[in-house]
Amino acid sequence: MRKTLRVGIIGTGYAGWRHAEAFSRLPDVAVTALWNRTYARAERLTSALSRPDIKIFSDWRDLVRSGDVDIISITTDPAFRQAPLTEGLAQNLHVLVEKPLALGLSEAKEMASLAQRARTVTAVSFNWRYSPGCQTCWRAIQEGQIGSLTDIRTVWRMRYSPSFGFARSWSEMSGSLREAGSHEFDRVRFLTGWDFKRVVCSLRSPQELRAILSDNSTPSDTSALVMSEMSGKSAGVLQLAITSGSPERQITIGGENGTLALSSEWVTHRLTEESNGWRILSNEVKVVRQRADESAPVKLEIEESDRQPGSVQSGQHTWNRLIADFVSAVRRGDFKHESVPHLPHISDGLAAQQVISACEQSHAERRWVDLEQDLAAVPG
């Protein structure tokens, strides 16, 4: 393998910028190629990276087939992720793809099947596995600090400003179930080791929130409530929402001997010095344990290796860590992620897509949906 890994990024929206920043900070890794539907947006990224030598392709296929990249990072809309992954694997490239994996379950199944047969490294960007709080929770669970797990509850209320134009395109493409749910369905599986067995889901799009998020169109959903039966006779409840009020993000995990509670601190960032737009980010840095033998809650210390540098924004820290693991796997030729066990497989993306599809079916048919039985007929 050549010393410097060359990265091509397909899609230069918000996630594309985050991937580019994460790859660029690593030694002997260079972003060398970009593609975006709008050429000017790709040009802005080359300027932000201070890399005028980056080649901008007018056709994503030319980027993939050029022979000028070793890795492709797919950060396009969910409707346009399957084709670049398929072509990238056909060219024996390493592939990182954003979440959710696809719009539909059949596409996700095909992508997972291709990745399983590939002789290159593939991964899906469930970056919130890598937050300081999530890593601390995972370690506490592995150490048995609250005993055998019994249940999990997650809440994620995302606040967006009308001045934040990204919120409009985001809501039209994904909605709270796909955008936030894909992350949290994965984190439930990551933290507990459980699988989703049955779900019941209610989706809503209140008119007052539509007005905030979109001038002329209706987002797929602005809130989702999911109840789930998990493997091991366990249970989960997930509440996801887009709000004009206070943001909230927390995970509570119950065990036979106590609970772990992961919560966030919130930081507001201006989009640019010239813009009035802003973004509110959650720093997941607080984990509290409460056991029967403890008279008061105990705040768990974040290990040094998991801490978020003060100069790095919240979400960027999680992308930095995931992409560092991805590059490490590429250098080792570690297709199975054995050296980087927290790096999500494409099969993890499929598992989240199955829960999304089951939730959508549950909402449409107003009933519990069994993931194994009710989704069995979906091709792939």
Inset, instruction - Keeping the roles fixed (side chain from Thr38, backbone from Ala40), state whether a donor-acceptor pair exists under 3.5 Å. - result: no
Legend entry - Interatomic distance, Ile141 atom CD1 to Ser148 atom OG [nearest 0.5 angstrom]: 11.5 Å
Legend entry - Any donor-acceptor N or O pair under 3.5 Å, side chains His19, Glu98: yes
Inset, instruction - Take His345 and Gln116 through the test side chain to side chain donor-acceptor pair (under 3.5 Å) and record every step on the way to the result. - result: CA-CA 9 Å; His345 293 268; Gln116 186 176 24; over 6 Å; no
Inset, instruction - May I ask you to decide whether Arg159 forms a salt bridge with Glu248, counting only side-chain N to carboxylate O separations under 4.0 Å? - result: no
Inset, instruction - Without swapping roles, check the side chain of Ser362 against the backbone of Ala358 for a donor-acceptor pair under 3.5 Å. - result: no
Legend entry - Main-chain N/O of Ala102 paired with Gln353 side-chain donor or acceptor, under 3.5 Å: yes
Legend entry - Donor-acceptor pair between Asp195 and Ser231 side chains, under 3.5 angstrom: no
Legend entry - Stacked cation flag Arg18 on Tyr14, 6.0 angstrom / 45 deg: yes
Inset, instruction - May I ask you to decide if Leu63's main-chain N or O and Lys55's side chain share a donor-acceptor pair within less than 3.5 Å? - result: no
Inset, instruction - State plainly whether the residues Asp348 and Arg129 are in salt-bridge range, i.e. N to O under 4.0 Å. - result: yes
Legend entry - Short side-chain to backbone donor-acceptor contact, Arg81 and Lys99, under 3.5 Å: yes
Inset, instruction - Quick one: sort the Trp138 and Phe190 rings into parallel, tilted or perpendicular, breaks at 30° and 60°. - result: parallel
Legend entry - By salt bridge (Lys or Arg N to Asp or Glu O under 4.0 Å) - contacts of Glu107 (at least two apart): none
Legend entry - Gap separating the CH2 atom of Trp194 from the CG atom of Leu149, nearest 0.5 angstrom: 5.0 Å
Inset, instruction - Examine the side chains of Arg289 and Gln145 and answer whether a donor and an acceptor come within less than 3.5 Å of each other. - result: yes
Legend entry - Side-chain donor-acceptor contact under 3.5 Å, Asn92 with Thr120: no
Inset, instruction - Taking Arg178 for its side chain and Leu103 for its backbone only, find out whether a donor-acceptor pair lies under 3.5 Å. - result: yes
Inset, instruction - Would you mind reporting whether Arg307 and Glu301 have side-chain heavy atoms less than 4.5 Å apart? - result: yes
Legend entry - From Arg61 atom CZ to Ile10 atom CD1, the distance as rounded to the nearest 0.5 Å: 10.0 Å
Inset, instruction - Could you state whether Phe126 and Trp128 fall into the same hydrophobic cluster, counting links through intermediate Ile, Leu, Val, Met, Phe, Trp or Tyr residues with side-chain heavy atoms under 4.5 angstrom apart? - result: no
Inset, instruction - Evaluate side chain to side chain contact (heavy atoms under 4.5 Å, CB included) for Arg25 paired with Asn320, printing each intermediate quantity in order. - result: CA-CA 8 Å; Arg25 68 187 293 274; Asn320 288 351; 3.4 Å; yes
Legend entry - Polar side-chain atom of Gln290 near backbone of Glu294 as donor-acceptor pair, under 3.5 Å: yes
Legend entry - Worked check of side chain to side chain contact (heavy atoms under 4.5 Å, CB included) between Leu93 and Val64: CA-CA 8 Å; Leu93 299 178; Val64 175; 3.9 Å; yes
Legend entry - Test log, rule side chain to side chain contact (heavy atoms under 4.5 Å, CB included), inputs Leu238 and Phe185: CA-CA 9 Å; Leu238 299 93; Phe185 298 145; 3.7 Å; yes
Inset, instruction - Please round to the nearest 0.5 Å and tell me the distance separating atom SG of Cys134 and atom CG of Leu191. - result: 4.0 Å
Legend entry - Pairs where residues 371-380 contributes a residue and the test side-chain hydrogen bond (donor to acceptor under 3.5 Å, both in side chains) is met, not counting sequence neighbours: Arg367-Asp374
Legend entry - Steps toward ring pair (Phe, Tyr, Trp, His ring centres under 6.0 Å) verdict (Trp319, Tyr130): CA-CA 8 Å; Trp319 268 303; Tyr130 287 85; over 10 Å; no
Legend entry - Ser357 side chain to Gln354 backbone, donor-acceptor under 3.5 Å: no
Legend entry - Salt bridge Glu87-Arg65, side-chain N to carboxylate O under 4.0 Å: yes
Inset, instruction - Please confirm whether the backbone N or O of Arg198 pairs with a side-chain atom of Trp368, one donor and one acceptor, at under 3.5 Å? - result: no
Inset, instruction - For Gln250 and Ser263, test the side chains for any donor-to-acceptor distance below 3.5 angstrom and give the result as yes or no. - result: no
Legend entry - Side chains of Ser282 and Arg249, donor plus acceptor under 3.5 Å: yes
Inset, instruction - In plain terms, say whether Arg6 and Asp70 are close enough for a salt bridge, that is, a side-chain N and a carboxylate O under 4.0 Å apart. - result: yes
Inset, instruction - Could you check Leu177 against His363 for side chain to side chain contact (heavy atoms under 4.5 Å, CB included), going step by step and ending with a plain yes or no? - result: CA-CA 11 Å; Leu177 178 68; His363 173 76; over 6 Å; no
Legend entry - Check: Thr12 side chain, Gly16 main-chain N or O, donor-acceptor pair, under 3.5 Å: no
Inset, instruction - For this output row, return yes or no: ring centroids of His94 and Phe326 closer than 6.0 angstrom. - result: no
